[in-house]
Amino acid sequence: FAQRVNVCEPTHLVAFARLEAVAVLGLALFFLTHRADWFWPFAGVTVAGMVVLWPVRAKVEALIVPAETGAPATTPA
């Protein structure tokens, strides 16, 4: 199980990096405009996204189960 979880880690890291980019944009706007109201909405979106995408065991197992059972992996259309 641990070896399969390591396969999912880069996916979560990329998702978190994309969310962190949103916060960095808000921080850049704060430094450019000196207005905190530009930073907090961007930071809020980032925190909410990270809470939703946090890798809990059930979500990771749902990603791994098709590979263990031999079922064909689905590909996006």
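In what follows, every heavy atom counts, from backbone to side chain, and hydrogens, waters and symmetry copies are set aside.
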Trp40 with Val45, same ILVMFWY side-chain cluster at under 4.5 Å: no
Distance col, row Asp37:CG vs Phe42:CZ, nearest 0.5 angstrom, shows 10.5 Å
Partner of Met50 under side chain to side chain contact (heavy atoms under 4.5 Å, CB included), chosen from Val52, Thr46, Val47: Thr46
What I'd like to find out is whether the side chain of Leu29 reaches to under 4.5 Å of the side chain of Phe39, using heavy atoms alone. no
Write down the atom of Thr33, the atom of Trp38, and the distance for their closest heavy-atom approach. OG1-CD1, 3.4 Å
Nearest 0.5 Å, what's the CG-CZ distance between Leu27 and Phe30? 7.5 Å
Considering non-hydrogen atoms only, spot the tightest contact between Ala15 and Leu53 and give its length. CB-CD1, 4.0 Å
